[in-house]
Amino acid sequence: MAFETSCDDTSVAIIDTKYNVKTNLISSQPIHNEYGGVVPELASRLHLKNIMYLSQQALSETALTFHDIDAFAVSVNPGLIGSLLVGVSFVKSLAYSSAKPLIAVNHIVGHVYANYINNPELQPPYLALIVSGGHSELVDFKTTDEFEVVGRTRDDAAGEAFDKTAKLLSLGYPGGPAIDRLAEFGDPQFVDFPRALKRNDDYDFSFSGLKTAIINYLSQKEADFIEKNVHNITASVQAAIVDPLVKKTINYAKKTNQKRIVVAGGVSANRYLRNKMNDLCKKNKIELFVPPLRLCMDNAAMIGAAAVDKYLSGNFADLTLNAFSTKGLRLI
Ligand code: KG4
Ligand code: ZN
């Protein structure tokens, strides 16, 4: 049984060691829309309110009881510390009271494992592009535990770039899905927004220059013009965020002769990204893995999937386990 409370989604899942998902319940928190971003204190309080209810619901839906569960997994980092602590404390108490193993999962690694649910045979080596609201990382996985972060964002994360643009255009939070929808009918070449760090041997990302360019562009246009051209503007922004992600991933894959690319994180739901990555992987004979849409955003099934190897190898945490908010992929 797996739990995810690192940001603003409370999620509880039950999964077996063959990656069959029995249930994957997600309670999101629309209250943050009113603030244009996640309010950490509200998020923790809502996790506290929802986690017991979701756990009971997960068990009743699958006709199981806590006694039937073999181990409890929880994401412990990175994320909002108050939110993580709700999940970690709750799951520690479950593991203690049922005398079952406790498994700690890195949330980012969880996103990568969302890909195992539809592809249980997937194994490293692979190159992972992990793009979410807080992360943009290009990671060369040689084995499950041995990896190298070969590119990262120097400022905003890719999801953050979508969210900030959506805020400027009053499209609500999270902004990625809204921009994805509007951009479908737009021309990505309508505005030539800048693409940062164009050097071929540089695999880092940067979106702060793009943000400034968008602010400057919008401040020079009338509201009428923006409204009339919102499809073209969002399509141009989307391309400016996604093009460098895809280009750098493919460049690195070609340079290091990778046979597999895995895309993960909330932004992996983006249709322009999925299509573009698909085209270029086909062209370069690279096998591409993207999570099913329902598993792109934060969910507990991916945390359960990341716990499978740990469960099978007896890699358990003890009750001194704590949450920590530090960014990054540190495997625990
Ligand atoms: O992985 P996730 O659910 O949470 C974090 O761990 O951050 O990712 C959320 C991010 C948000 O920034 C959201 O705008 C973005 O993923 N996102 C998208 C799409 N769906 C979600 N960005 C672009 N296109 C989408 N379709
Ligand atoms: Zn996430």
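Everything numeric in this text was worked out from a predicted model, so none of it was measured.
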D163 (side chain) donor-acceptor with G175 (main chain) under 3.5 angstrom: yes
Return yes if a side-chain donor-acceptor contact under 3.5 Å exists between S27 and Q29, otherwise no. no
Which value, rounded to the nearest 0.5 Å, describes the distance between I51 atom CD1 and L46 atom CG? 12.0 Å
Test side chain to side chain contact (heavy atoms under 4.5 Å, CB included) applied to N270 and I241, V242, V263, the passing residue: V242
How about D279: does its CG atom have over 12 heavy atoms from other parts shown lying under 6.0 Å from it? yes
Taking atom OH as the centre, does Y53 end up with more than 12 heavy-atom neighbours from other residues, nucleotides or ligands that are less than 6.0 angstrom away? no
K248 bridged to D204 by N-O distance under 4.0 Å: no
Could you check whether the rings of Y217 and F193 sit parallel, tilted or perpendicular, using 30° and 60° as the cut-offs? perpendicular
Is it true that a side-chain atom of K310 and a backbone atom of N315 form a donor plus acceptor pair closer than 3.5 Å? no
Heavy atoms from other residues, nucleotides or ligands near NZ of K167 exceed 12 (cutoff 6.0 Å): no
So, N115 and Y126: side-chain donor and acceptor under 3.5 Å apart, yes or no? no
Check L80, T10, L42 against H47 for a side chain to side chain contact (heavy atoms under 4.5 Å, CB included) and give me the one that passes. T10
Spell out, as yes or no, whether a donor-acceptor pair under 3.5 Å connects the side chain of N232 to the backbone of D187. yes
Under the 3.5 angstrom rule, does the side chain of N284 hit a backbone N or O of I286 as a donor-acceptor pair? no
